[in-house]
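Heads up, the thing below is written out as structure tokens.
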Amino acid sequence: MKILFYRIDEVAQLLHVSKQTLYNHINHNKRSVNKHPLPPFIRVNGRLLFSVNEFEAWVKAQPRH
């Protein structure tokens, strides 16, 4: 069975950040004009889910330094 969504802990691990950092960025983006770049996500029953396909596309679209 193919995985369709990542959970926030999996995304945090893939991005080498803590879950709290992701939560902080999401909350910051709600309140601020200056947004942190975040992969697209949906909320389902209070959980944040990240589509595997959209996450991979988002990572490829990020600028390289």
Side-chain angles (χ1 to χ4, degrees):
M1 185 166 113
K2 185 177 178 186
I3 297 173
L4 300 177
F5 292 95
Y6 290 131
R7 295 181 319 266
I8 194 162
D9 55 324
E10 295 168 316
V11 170
Q13 185 177 11
L14 290 167
L15 295 177
H16 304 284
V17 299
S18 69
K19 285 189 334 185
Q20 188 60 53
T21 297
L22 286 178
Y23 284 126
N24 290 346
H25 288 336
I26 289 166
N27 287 328
H28 174 83
N29 286 357
K30 289 180 187 176
R31 294 177 272 130
S32 179
V33 175
N34 298 326
K35 307 285 186 191
H36 291 285
L38 289 171
F41 63 90
I42 60 171
R43 286 188 191 270
V44 177
N45 294 328
R47 287 184 150 187
L48 296 177
L49 298 176
F50 300 79
S51 164
V52 170
N53 292 337
E54 288 182 22
F55 176 79
E56 290 173 358
W58 177 82
V59 168
K60 288 179 185 176
Q62 296 308 297
R64 307 283 182 214
H65 295 277

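Everything numeric in this text was worked out from a predicted model, so none of it was measured.
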field: Transitive ILVMFWY cluster of Phe41, excluding itself - 4.5 Å side-chain cut-off
entry: Ile3, Tyr6, Ile8, Val11, Leu14, Leu15, Val17, Leu22, Tyr23, Ile26, Leu38, Leu48, Phe50, Val52, Phe55, Trp58, Val59
statement: Tightest non-hydrogen contact, residues Glu54 and Pro40, listed as OE1-CB, 3.3 Å
- line: Tightest non-hydrogen contact, residues Ser18 and Ala12, listed as C-CB, 3.8 Å
field: Any side-chain donor near an acceptor of the partner, Gln13 and Asp9, under 3.5 Å
entry: no
message: Taking side-chain hydrogen bond (donor to acceptor under 3.5 Å, both in side chains) as the definition, give me every residue that meets it alongside Asn27, ordered by chain and number, with sequence neighbours left out.
response: none
query: Rounded to the nearest 0.5 Å, how far apart are NZ of Lys30 and NE2 of His25?
result: 14.5 Å
query: Under 3.5 Å, is there a donor-acceptor pair between the side chain of Asn29 and the main chain of Lys35?
result: no
- prompt: Are Phe5 and Val44 side-chain neighbours, meaning at least one heavy-atom pair lies under 4.5 Å?
  reply: no
